[in-house]
Structure formats: structure tokens, C-alpha cells
Number of protein chains: 2
Amino acid sequence: MGKLTAQAIAERALEIGDAEGLDAVTIRRLAGELGVTPMALYWHYKNKDQLLAGMADHLISGFAPGAADERPWQEQLRDLMVGLIRALRGHPCARNVFDHVDQVTVPSFLAVWNQALGLGRSAGFSVEESCLISKYLLQSAIAIADAPAHHREGQEVAERVRVKRLGLQTLSADTYPYIVEMAGPLAGGLDPELYDTFGVDLVLAGIEALAARRLESSP
Amino acid sequence: MGKLTAQAIAERALEIGDAEGLDAVTIRRLAGELGVTPMALYWHYKNKDQLLAGMADHLISGFAPGAADERPWQEQLRDLMVGLIRALRGHPCARNVFDHVDQVTVPSFLAVWNQALGLGRSAGFSVEESCLISKYLLQSAIAIADAPAHHREGQEVAERVRVKRLGLQTLSADTYPYIVEMAGPLAGGLDPELYDTFGVDLVLAGIEALAARRLESSP
DNA sequence: ACCTGAACACCGTTCAAGT
DNA sequence: ACCTGAACACCGTTCAAGT
């Protein structure tokens with residue numbers, strides 16, 4: 001089979017993480033599946049944090065944002081967001097990976113971030129505001145990509161949703177009336193289409209609204 | 001000293017997590033600090049996940065949202081968000097805790113969530129939309145509360161920000177021009193005031209904009 | 001009800017050594 | 001350059017036993 005390379009290790013780690021959760025991604029387990037000694041991995045990654053960063057980089061590596069063009073910034077920001085979501089979709093452990101990683105050490109993520117920063121600036125936001133907007137947009141994209149509604153519609157995930165819904169429905173309807181009422185959608189039974197469009201719309205609507213406020217206060 | 005109770009254990013765990021990071025919160029370490037055998041903790045929490053849920057619950061327990069009143073929903077949603085942010089502020093490990101916990105198992109979090117759901121409904125959003133909005137608002141609040149700008153202004157955190165900024169500044173200015181330019185604010189050197197107000201404004205502006213769109217499309 | 005002691009099956013990582 | 005072997009200092013958790 002293929003040679004043992006940093007890339008191959010990260011890919012295998014993602015397979016394990018997607019299938020069994022990030023906790024199952026262990027140096028020893030990973031080495032075992034790759035038919036190698038645990039220490040072999042330390043040649044390619046100097047520790048587990050670096051491996052996680054490698055996984056994060058691999059997750060985004062397929063999505064290189066094109067150079068900024070002449071279209072309105074709203075459109076480009078939306079493309080960036082849906083592109084990122086699409087790249088992370090199908091990797092259930094993606095969000096978990098990014099939670100454990102210092103995003104500043106992930107080159108492909110920095111590339112996307114850089115693009116978002118530029119678009120924020122061109123929308124008329126200050127340096128500080130652009131930082132906040134971009135952080136917020138990227139974080140929201142990661143969260144949206146993590147929608148349970150989209151994870152491979154396996155039998156066992158449907159079962160987990162069912163259990164979760166039942167758990168919510170059996171809560172006290174006096175103290176948590178709305179939770180009980182909306183147990184179905186809350187547990188993950190949402191329309192995937194709506195989840196994506198609505199989430200992206202929400203983020204972009206907020207950014208656009210603040211951009212408009214900026215313009216009217218300092219014309 | 002105080003008796004060994006689930007509450008006391010969660011408090012001590014939060015102290016460790018806030019001071020040294022969540023990884024330092026270990027059953028054995030925690031038991032040691034409490035002057036007790038590791039197994040003693042298993043009487044109060046049946047496993048570590050339950051302990052983390054207890055920590056999450058303790059984080060929010062100080063913030064009980066008042067019943068919904070007659071004020072406009074925008075105002076109440078804002079109060080809910082800033083209240084949650086204030087409750088989590090000063091607990092650097094809060095975000096990490098919530099990342100590891102199934103939020104549905106945290107009663108005090110469910111109470112806040114329930115409130116947000118109700119306000120979403122009263123804003124005219126559908127059941128599904130209210131679910132998405134509330135999830136999004138709560139998640140954003142947790143992220144905003146985690147602002148590095150707010151963590152106890154200790155010497156060592158200032159040093160970490162400096163190192164991070166330098167790391168960003170020494171990146172290739174060709175591939176990441178905006179990142180390099182905005183290294184300062186990106187590394188965490190933002191005005192705390194701006195961070196909060198702008199973040200909350202962003203989320204609420206998005207929600208309000210979508211509420212307005214709903215009204216005009218189905219009057 | 002509340003806690004201890006000993007044991008099990010794991011971790012990440014270092015360090016010296018092999019080829 | 002790339003990988004192995006043995007060892008260290010940890011983990012979470014179970015299970016039987018104490019009071």
C-alpha cells in the first residue's frame with residue numbers, strides 16, 4: 001500500500017474521527033491501522049497537536065478560495081462561506097478538530113481567513129471590525145457544516161436522533177415548554193436545505209445590516 | 001473544610017480548568033486537590049462526561065432568565081445574550097466545557113435555550129427557524145464570552161498574545177496580506193468593549209433583518 | 001450512603017538504538 | 001531519513017470491600 005506520509009496519516013486519522021469520533025483518534029490506534037509502530041508517527045508529526053493541525057489543514061485543503069474579483073463583496077463573502085461549508089460537509093469530526101486546534105497554525109485555514117478579512121475591508125469595515133466579522137463568519141460556517149441533519153443518513157444516527165428527541169420530550173413541560181414543543185427539530189430533524197440557507201442568510205444579513213449602519217453614520 | 005458534594009467538585013474542577021486549561025481537569029488530579037481518593041468522585045458523578053455536564057451547569061446556574069415580559073422581543077433577546085455572556089465571562093474554560101458536553105443534558109442551559117426559543121416564536125419565526133436562531137444565538141454568546149481580550153489581564157496571557165502576533169506577522173505577506181496587516185487585532189489585541197457590543201449587534205442585526213424579511217414576504 | 005484499595009486496559013511521549 | 005523497542009508517567013473506570 002501507499003507510503004507512510006504526513007498526508008496519508010492525516011487522511012487515515014480523519015477516517016477514524018469521522019467514523020468513530022475524535023476520541024477514537026489515538027496515536028496508538030492510528031499507528032496500528034497504518035501497520036506501523038506508534039513512534040513512527042512522531043517522525044511526521046512532532047506531537048498529537050500537530051497531527052490535529054494536519055487533519056484540520058487536510059479538511060480545508062480541497063477548498064482554495066479564488067482571488068477577490070469585482071463582484072459585490074456580499075456575493076463573494078457568501079461564496080466563501082458556502083464553499084467552506086461544502087468542504088467540511090461529510091466530515092462529522094471537522095468541528096471537533098477545529099475546536100482542538102489553534103487555527104492560526106493551519107495554513108489552508110489562514111488562506112480562507114485572509115480572503116474573508118479582505119472582503120470585510122472592502123465592505124467598509126475597520127480593521128478591528130473586519131477581524132471580528134471574519135472570525136464570526138468562519139466559526140459560523142464550521143458550525144453550520146456540522147449540522148446533524150447532514151451526517152450520512154445511517155441507521156444508527158437516526159436512532160440517536162430519536163433517543164435525543166424522546167429525552168427532550170420527557171422533560172418537564174412546565175419548566176421547558178418550548179423545548180418540549182420543539183423537541184423534534186431541536187433533536188436534529190430539520191430540513192437540511194433550510195438549515196444551510198437560513199444559517200448562511202442569518203450571518204450575512206447581520207453583516208450587511210451593520211455595513212449599512214456604518215454608511216449612514218459616517219457618510 | 002466543606003463537605004465533598006457534587007457542587008463543590010464542579011466548582012473545584014472549574015477553578016482548575018480556568019487556571020490551567022480543561023486538559024488539567026483530571027479525575028485523579030481533582031481528587032488529589034479535594035483530599036480524596038479518585039474513586040470518591042464516582043459516587044457523585046458516574047463518569048467524567050457527567051462531571052463536565054456538572055461544570056457546564058454550574059457555569060450558567062448563576063444566570064436564571066426572568067420570565068418573558070411585554071417588552072419587544074429584540075430587547076429581551078439582547079438581554080438574554082448579554083446575560084449569558086456575563087455569566088460565562090471570567091471562566092476561560094467555559095467554551096471548552098460546552099464543546100465537550102451534550103448541551104441537552106445541562107438543565108440551566110436548557111432554561112436559557114427555552115427562553116430563546118419562546119422569543120424566537122414571538123418574533124414571528126417558525127418552529128424550525130426558531131430552533132436555528134436560538135442555537136445560533138447561544139453558540140455565538142459562548143464564543144463572544146470566550147474573547148481572549150477579556151481573560152484576566154495577567155502577564156502571561158499578554159505574553160502569549162505577543163507571541164501569537166509575532167507568529168502572524170512573520171507569515172508570508174504575499175499569500176496572507178490581510179492576515180499580516182491585521183496581526184495585532186487578530187492575535188487578541190482588540191478593544192474589549194467593541195468586541196462585546198459589535199458581536200452582539202452582529203447576531204441581533206441578522207435576526208432582526210430576517211424577521212423583517214419574513215414580514216414583508218408573508219404580510 | 002459514602003468512600004477506599006487494588007487492578008485493568010489504556011493513553012502521549014522520551015530516549016536510545018537500529019537500518 | 002525513517003522506523004523500532006523498551007520504558008515512564010500518566011489516564012478513566014470497574015469491582016469488591018470497608019464503615
Side-chain angles (χ1 to χ4, degrees), chain A residues 1-59 93 96-103 105-106, chain B residues 1-59 93 96-103 105-106:
Chain A
M1 306 295 171
K3 262 190 65 72
L4 186 66
T5 157
Q7 164 114 341
I9 295 171
E11 274 171 21
R12 189 74 173 198
L14 281 173
E15 285 173 25
I16 299 175
D18 287 333
E20 304 180 38
L22 199 54
D23 285 342
V25 177
T26 229
I27 298 280
R28 296 170 119 105
R29 158 84 183 270
L30 188 53
E33 293 208 4
L34 291 165
V36 97
T37 279
M39 305 314 124
L41 305 190
Y42 282 85
W43 176 259
H44 303 275
Y45 296 101
K46 83 176 235 279
N47 56 38
K48 196 177 179 183
D49 281 342
Q50 300 265 349
L51 168 63
L52 285 165
M55 293 170 70
D57 198 53
H58 191 76
L59 278 169
C93 74
N96 237 313
V97 169
F98 279 101
D99 281 344
H100 280 86
V101 154
D102 184 3
Q103 305 177 334
T105 65
V106 181
Chain B
M1 310 294 171
K3 261 191 68 69
L4 185 66
T5 156
Q7 164 114 341
I9 295 171
E11 275 172 19
R12 189 73 173 199
L14 281 173
E15 285 174 26
I16 298 175
D18 287 334
E20 303 181 40
L22 199 54
D23 285 342
V25 177
T26 229
I27 298 280
R28 295 170 117 105
R29 158 83 183 272
L30 188 55
E33 292 207 5
L34 291 166
V36 97
T37 277
M39 303 316 123
L41 305 190
Y42 281 84
W43 176 258
H44 302 275
Y45 296 100
K46 83 177 233 279
N47 56 36
K48 197 177 178 183
D49 280 343
Q50 300 266 349
L51 168 63
L52 285 165
M55 292 169 71
D57 197 54
H58 191 77
L59 278 169
C93 75
N96 238 313
V97 170
F98 279 101
D99 282 344
H100 280 84
V101 155
D102 185 3
Q103 305 177 334
T105 65
V106 182

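- As a whole-Å value, the separation of B/D23 CG from D/dG12 P is 11 Å.
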Dot-bracket encoding of pairs in DNA chain C, which uses [ ] for pseudoknotted crossings and | for another strand, Watson-Crick or G-U under 3.5 angstrom: ||.|||||...|||||.||
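- Atoms CG (A/L4) and P (D/dT4) sit 8 Å apart, rounded to a whole Å.
- A/L52 is not listed as a side-chain neighbour of A/V25, based on a closest heavy-atom distance of 4.5 Å or more.
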Stepwise side-chain contact (heavy atoms from CB on, under 4.5 Å) test for B/L51 and B/L41: CA-CA 9 Å; B/L51 168 63; B/L41 305 190; 5.6 Å; no
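- Rounding to the nearest 0.5 Å gives a distance of 6.5 Å between CG of B/L30 and CD1 of B/I9.
- Atom C1' of nucleotide D/dC2 and atom CD1 of A/I9 are separated by 11 Å, given to the nearest angstrom.
- In this structure, the nucleotide among D/dC15, D/dC3, D/dG5 sitting nearest to the side chain of A/M39 is D/dG5.
- Annotation: proximity of residues 11-22 of chain B to DNA chain C (heavy atom, distance under 4.0 Å) is found for no residue.
- Atom CD of A/Q50 and atom P of C/dG12 are 15 Å apart (whole Å).
- You'll find the side chain of B/L59 stays beyond 4.5 Å of the side chain of B/M55, heavy atoms only.
- In this structure, the separation between CD on B/E11 and CD on B/Q7 is 5.0 Å, given to the nearest 0.5 Å.
- For the side chain to side chain donor-acceptor pair (under 3.5 Å) condition, no pair includes a residue of residues 34-56 of chain B, sequence neighbours left out.
- As rounded to whole Å, 10 Å separates atom P of D/dG12 from atom CG of B/L30.
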Every protein N/O within reach of nucleotides 9-11 of chain D N/O, cut-off under 3.5 Å:
residue	atom	partner	partner atom	Å
D/dC11	O5'	B/T26	OG1	3.3
D/dC11	O3'	B/T26	OG1	3.3

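- Every residue two or more places apart in sequence or in another chain was checked for a ring pair (Phe, Tyr, Trp, His ring centres under 6.0 Å) with A/H58, and none qualifies.
- Residues meeting the salt bridge (charged side-chain N to carboxylate O under 4.0 Å, His left out) test with A/D99, sequence neighbours left out: none.
- Distance from the side chain of A/W43 is smallest to D/dA1 among D/dA1, D/dT13, C/dC3.
- By the side chain to side chain donor-acceptor pair (under 3.5 Å) test, B/D57 pairs with B/S108, sequence neighbours left out.
- In this structure, B/D49 atom CG and D/dT13 atom C1' are separated by 12 Å, rounded to whole Å.
- Phosphate contact (OP1/OP2 of D/dC3, side-chain N/O of A/H44, threshold under 4.0 Å): present.
- When the P atom of D/dC3 is taken as reference, atom CG of A/L41 falls 9 Å away, rounded to whole Å.
- Residues in residues 16-36 of chain B take part in these side chain to side chain donor-acceptor pair (under 3.5 Å) pairs, two or more places apart or across chains: B/R12-B/E33, B/D18-B/H91, B/E20-B/R29, B/R29-B/E33.
- Sorted by first and then second residue, the salt bridge (charged side-chain N to carboxylate O under 4.0 Å, His left out) pairs involving residues 34-45 of chain B (not counting sequence neighbours) form an empty list.
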